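In this text the structure is predicted, and so the values were computed from the model without any measurement. In the text below, chain A, chain B and the rest are named by the order of the sequence lines, each starting its count at 1.
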Number of protein chains: 2
Amino acid sequence: MQTELDPTDIELLKLLQIDATLTNKELAFKLNKSIATVHERIRKLKDQGYIKRVVAILDRKKINKSLIAFSQVLLKEHTADTLYAFEHEVAKFSEVMECFQMTGAFDFILRIATSDMDTYHLFLRNKLATLPNISTVQSFFVLSETKSETAYPL
Amino acid sequence: MQTELDPTDIELLKLLQIDATLTNKELAFKLNKSIATVHERIRKLKDQGYIKRVVAILDRKKINKSLIAFSQVLLKEHTADTLYAFEHEVAKFSEVMECFQMTGAFDFILRIATSDMDTYHLFLRNKLATLPNISTVQSFFVLSETKSETAYPL
DNA sequence: TTTGAAAACTCTCGCGC
DNA sequence: GCGCGAGAGTTTTCAAA
C-alpha cells in the first residue's frame with residue numbers, strides 16, 4: 001500500500017480541507033487531471049485514512065452553543081486505571097467536545113460547549129464534579145474567537 | 001426569512017455534522033421526506049448560515065502534525081489597539097489553528113499544530129515571541145487525544 | 001412539499017502510456 | 001503502475017402543481 005503523498009494528493013487535501021463540496025469535475029479542472037484520476041485519488045486518501053471524515057461545520061451561536069469553556073482538570077491519583085476511568089466517563093458527556101491529556105501542571109483540558117453560564121454551571125456541578133478522583137477544575141471562558149481553522153497547512 | 005429550526009432541520013444538521021457525504025437520497029430515506037425537500041432544506045440551512053462550510057477532516061498524525069500545543073498568552077497592555085494588533089498578527093501564522101481571547105489569568109489561548117517539539121520551539125522563538133507587547137507565553141502539550149468532536153449536540 | 005424529467009455528476013472498466 | 005475516456009448508473013436540479 002502506497003502511503004506517500006505526491007503533489008497532486010497534497011493539492012487535493014488542501015482543497016478538500018477548505019471545501020469538501022467541490023465536485024470531482026471542479027477538482028479535476030483545478031488540478032489539470034481527469035475526473036477519473038481525481039476520483040481514484042480521493043478514494044485512496046480515504047482508504048488510507050488521510051481523510052478521516054467529511055463533516056458540516058455549524059455556526060455554534062446559531063444553535064445555542066454560545067459559551068465555550070476550557071476546563072483544566074487535575075486528578076488526585078494518576079494510576080493507569082484512574083486515568084482511563086476519567087477519560088472514559090468524561091467522553092460520555094455531550095457537552096464535552098474535546099478532551100486532551102496534557103503535560104504540565106494539570107492532567108486534562110476539556111473544551112465544553114453550552115448555551116450559557118447557567119448551563120455550564122449545571123454541567124460542572126451535576127456532571128463533571130461528580131466524577132470520582134477529581135482534585136481541581138479551573139474554568140476559562142472564551143470571550144471571542146479570533147481564528148478557528150480546521151484545515152492544517154500542507 | 002424563516003430562522004427557526006423544525007425537527008427535520010435538526011435531524012438533518014445532526015446527520016450532516018457526522019457525515020456530510022450522505023446523498024440527498026440517503027437523507028430523504030432516513031427522514032421519510034422527498035429528495036427535493038431534503039435538497040431545499042439543506043440549501044436554506046446553508047443560506048441562513050447554520051451550515052458554515054463542509055470540510056474534510058484529516059488525520060493530523062499522517063500529515064506530520066503530531067504535536068499540538070495549547071499556549072496561554074499574557075499581554076503587557078490591554079488597549080483596544082494592542083488586543084486587535086495581537087489577534088491580527090497571530091492569525092497570520094499558519095501554525096496557529098485557533099486563537100481565543102479568554103477570561104481569567106491570561107489573555108489568549110492558542111492551539112498550535114506542528115510536527116514536533118523542535119518545530120514548536122522554532123515557532124515560539126522566531127514567530128510568536130517576536131510579536132510586540134507579549135508579557136508571557138505558557139505552553140502545554142497534548143499527550144493524548146481522548147475525545148475530539150466537531151458535531152455539537154442538537 | 002411533491003413529482004417527474006432533464007442536466008449534471010459519479011463511478012467503473014478497460015485500454016494505453 | 002498510473003492516468004484517461006466513455007458510458008451506465010446515480011444524484012441533483014428545477015419546473016409546475
> Just list the side-chain donor-acceptor pairs under 3.5 Å for residues 82-89 of chain A, sequence neighbours left out, or say none.
from  : atom 1 : to     : atom 2 : distance (Å)
A:T82 : OG1    : A:E77  : O      : 3.2
A:T82 : OG1    : A:T79  : N      : 3.0
A:T82 : OG1    : A:T79  : O      : 3.0
A:T82 : OG1    : A:T79  : OG1    : 3.0
A:E87 : OE2    : B:T146 : OG1    : 3.3
A:E89 : OE2    : A:K92  : NZ     : 3.3

> Do any pairs count as a side chain to side chain donor-acceptor pair (under 3.5 Å) and have a residue in residues 132-141 of chain B, sequence neighbours left out, and if so which ones?
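The answer is B:Y120-B:S139.
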
> Mind checking side chain to side chain donor-acceptor pair (under 3.5 Å) for B:S34 and listing every partner two or more places apart, or none if nothing turns up?
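B:S34: side chain to side chain donor-acceptor pair (under 3.5 Å) contacts with B:T37.
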
> In B/S/- notation, 5' to 3', how is nucleotides 1-17 of chain C contacted by protein heavy atoms closer than 4.0 Å?
SBB-----SSSB-----

> Name all residues meeting the side chain to side chain donor-acceptor pair (under 3.5 Å) criterion together with B:R53; count only those two or more places apart in sequence or in a different chain, and write none if there are none.
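For B:R53, no residue satisfies side chain to side chain donor-acceptor pair (under 3.5 Å) once neighbours in sequence are set aside.
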
> Which Ile, Leu, Val, Met, Phe, Trp or Tyr residues join B:I18 in one cluster when any pair of side-chain heavy atoms under 4.5 Å counts as a link?
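Taking Ile, Leu, Val, Met, Phe, Trp and Tyr as members, B:I18 stands alone, with no cluster partners.
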
